[in-house]
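Along the sequence shown, residues are numbered consecutively beginning with 1. Both ligands and their constituent atoms are indexed starting at 1 by order of listing.
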Amino acid sequence: MSSPHEVRAFAPGTVANLGPGFDLLGLAVEGTGDTVVARRVDGDGVRIATITGDGGRLPRESDRNTAAIAAAEVLRRTGVRAGVELEVHKGMPIGSGLGSSAASAAAAAFATNALLGSPLRRAELVPGCIEAEAAVAGRHADNVAPAILGGLVLVRSLEPLSLLRLPVPAELGVVVVTPRFEVSTRAAREALPADVPMGAMVRNGARLATLVSACYSGDVALLAECLFDEVVTPARAALTPGSDDVMDAALGAGALGASMSGSGPSIFALVHHPARGPAVRDAMIAAFGRAGLEATGLVSRADAPGARLL
Ligand code: HSE
């Protein structure tokens, strides 16, 4: 079977952490993500042809660009010697807490693998994307894993890599609101506490365990009760003006629960059904407005697909 000359892939934005699941849980969402076109060219290795939608801010050098690193990892892991050129079309803001670098890496890995005739299975794309993420935003898999696999993913272990897809209650909806404001994941990781009080660790552990249990039982109210995080989110709240008020506004408008999306500044909320999302979204946008930040929002089903060809 001959391989295509050019392929186009999309990977979605992702909500990482889901409250107590710091670096452990991530959820794919609909309505935001990146598109990458991969093309066979003469020569060896990966190069970036163009990037759109980044305002000229992302590095074009192959060893510093998350998409190029992820594509190169596909070549390395398959042992294929080929020249690959990438067009990266950013469909989401950088530093938004929606896994922007992960979406670029996932779309690039997916496209490059398809360009080679798909020698790697979908799950086998994740390790290379983790390397790409590590180069720009720290070693964590809770954005790249759902960006590739879709749905809700639990990162059981990074080394060796072990991922579990968790069931997502069928009707559950998610709202994500993103202010026009940037928080770098690297800076947000530097804000993390060096020590965690034993009591906070125990309570966060209880919420994480309950959250996973609620996914299996389909108890959405219980699931949403578990989104509170008292270890990581408080340490980062100061980086995002108005974040506590935005979470309160979500609850006031009928959300089941709310928390920070990844390292922020986006805030997400869970709703019984996507149909209940717009009212929650609008209340959250208004709350960011009161903190002086313009914001936009999306409403998605919680069980959204991962990377795919377009
Ligand atoms: N788990 C990561 C963090 C996600 O919170 O730093 C970053 O999007």
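- Ligand 1 has no N or O atom lying under 3.5 Å from any N or O atom of Thr185, backbone or side chain.
- Contacts of Arg236 with ligand 1, taken as heavy-atom pairs under 4.0 Å, involve the side chain alone.
- Looking only at protein heavy atoms, the nearest one to atom 8 (O) of ligand 1 is Asn143 OD1, 2.9 Å.
- Interface atoms of ligand 1 facing Asp142, defined by a heavy-atom separation under 4.0 Å, are 1 (N), 2 (C), 4 (C).
- Arg189 NH1, 3.3 Å is the protein heavy atom nearest to atom 3 (C) of ligand 1.
- Contact check on Glu131 versus Arg139 returns a salt bridge, with a Lys/Arg side-chain nitrogen under 4.0 Å from an Asp/Glu carboxylate oxygen.
- At a threshold of 4.5 Å between side-chain heavy atoms, the hydrophobic network of Ile, Leu, Val, Met, Phe, Trp and Tyr places Leu158 and Leu149 in one connected group.
- Salt bridge Arg203/Glu230: present, at least one basic N to carboxylate O contact under 4.0 Å.
- Counting atoms of ligand 1 from 1 in the listed order, those under 4.0 Å from a heavy atom of Asn17 are 1 (N), 2 (C), 3 (C), 5 (O).
- Residues Thr185 and Ala137 share a closest heavy-atom pair of CG2-O, 3.5 Å.
- Distance alone, capped at 3.5 Å, places no donor-acceptor pair between the Asp303 side chain and the Val168 backbone.
- Closest protein heavy atom to atom 1 (N) of ligand 1: Asp23 OD1, 2.5 Å.
- For ligand 1, the atoms closer than 4.0 angstrom to any heavy atom of Ala16 are 4 (C).
- Judged by distance alone, the side chains of Ser162 and Ser157 never bring a donor and an acceptor atom under 3.5 Å apart.
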